[in-house]
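Take a look at the structure below.
Numbering starts at 1 and runs along the sequence shown. First listed ligand is number 1; within each ligand, the first listed atom is number 1.
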Amino acid sequence: MEALKQKIREEGIVLSDQVLKVDAFLNHQIYPKLMQQVGHEFAERFRGQGITKIVTIEASGIAPAVMAGLELGVPVIFARKYQSLTLKENLYISKVFSFTKQSESTIAISAKHLTAADHVLVIDDFLANGHAAKALIDLIGQAGASVAGMGIVIEKSFQEGRGLLESEGYRVESLARVSSLANGQVTFVE
Ligand code: G4P
Ligand code: NA
Ligand code: NA
């Protein structure tokens, strides 16, 4: 998706060979018009697949997921990362290990919102090692629902997430695929 790649070139900051900072348009500030285009692109790629729900994870997955849900006309569920007073019973829960943070966290979705009748599009802002995606797939499986595929805003193709998901038979659609962050430069997959 050219507009997204352009934004990454203009406003992305290479923090290291492994990490791209995109607070300017994805992880902190959001341009609604760009996010709408992101949602449109996901919808184009997954239209006609019988998707009934979108599942993402708070916080940064929510904006692209909502825009895709608007285009596809389906509800969006965001897995919660924190325990809350109101989210207690009948939860599907899964553990995520974050390499970025070197810590394990628990994510949850209420059983009320996801059933075996659902066919789910998973959306997230980044795909790195695929741990978050795997945990979301696990939650969807607990509900007995099926997975239509993954929609990723920025994929770091030099990490193992895509390979892992594809090896398990999941379709991965990434709108920007970064092949390298070496030498402070963002290089995209051709
Ligand atoms: P993984 O799930 O693919 O294995 O990746 P990892 O554990 O490394 O991801 C942990 C968090 O860091 C996730 O956000 C993920 O989206 C984000 N992340 C991973 N690589 C990058 C990167 O190069 N740049 C940026 N900006 N983020 C990256 P999170 O902790 O769930 O935070 P948020 O959703 O509240 O933003
Ligand atoms: Na993130
Ligand atoms: Na995320």
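The side-chain contact (heavy atoms from CB on, under 4.5 Å) test with Phe126 singles out one residue from Val178, Asn27, Val153, and that residue is Asn27.
The proximity of Val96 to ligand 1, defined as any non-hydrogen pair under 4.0 Å, does not occur for either the backbone or the side chain. Only backbone heavy atoms of Gln18 (N, CA, C or O) come within less than 4.0 Å of ligand 1; its side chain stays farther off.
The closest side-chain donor-acceptor pair between Gln37 and Tyr31, if any, does not fall under 3.5 angstrom.
Taking only nitrogen or oxygen atoms, main chain and side chain alike, Val22 does not reach within less than 3.5 Å of ligand 1. For ligand 1, none of its N or O atoms has an N or O atom of Asp124 under 3.5 Å away. Below 3.5 Å of separation, one finds an N or O of Asn129 facing an N or O of ligand 1. Close N/O approach between Val19 and ligand 1 is not found [any backbone or side-chain N/O within under 3.5 Å]. Residue Leu127 has no nitrogen or oxygen atom sitting less than 3.5 Å from a nitrogen or oxygen atom of ligand 1, judged on distance alone. Residue Ala133 has no nitrogen or oxygen atom sitting less than 3.5 Å from a nitrogen or oxygen atom of ligand 1, judged on distance alone.
In this structure, Gly130 counts as a contact residue of ligand 1, since one of its heavy atoms falls inside 4.0 Å of the ligand. In this structure, Gln159 falls outside the shell of residues with a heavy atom less than 4.0 angstrom from ligand 1. Not a single heavy atom of Lys134 sits closer than 4.0 Å to an atom of ligand 1.
A salt bridge is absent between Arg171 and Glu166; no separation between the charged side-chain nitrogens and carboxylate oxygens falls under 4.0 Å. We find that Arg9 and Glu2 are joined by a salt bridge, their nearest charged nitrogen and carboxylate oxygen being less than 4.0 Å apart. Ion pair Glu155/Arg177 flagged as a salt bridge, since at least one NZ, NE, NH1 or NH2 atom sits closer than 4.0 Å to an Asp/Glu carboxylate oxygen.
The closest non-hydrogen atom to atom 4 (O) of ligand 1, taken over Glu160, Glu155, His131, comes from His131.
Its side chain outside the 4.5 Å cluster rule for every partner, Leu164 clusters with none of the Ile, Leu, Val, Met, Phe, Trp and Tyr residues.
The atom of Asp124 that is an N, O or S and sits closest to the Na ion (ligand 3) is OD1.
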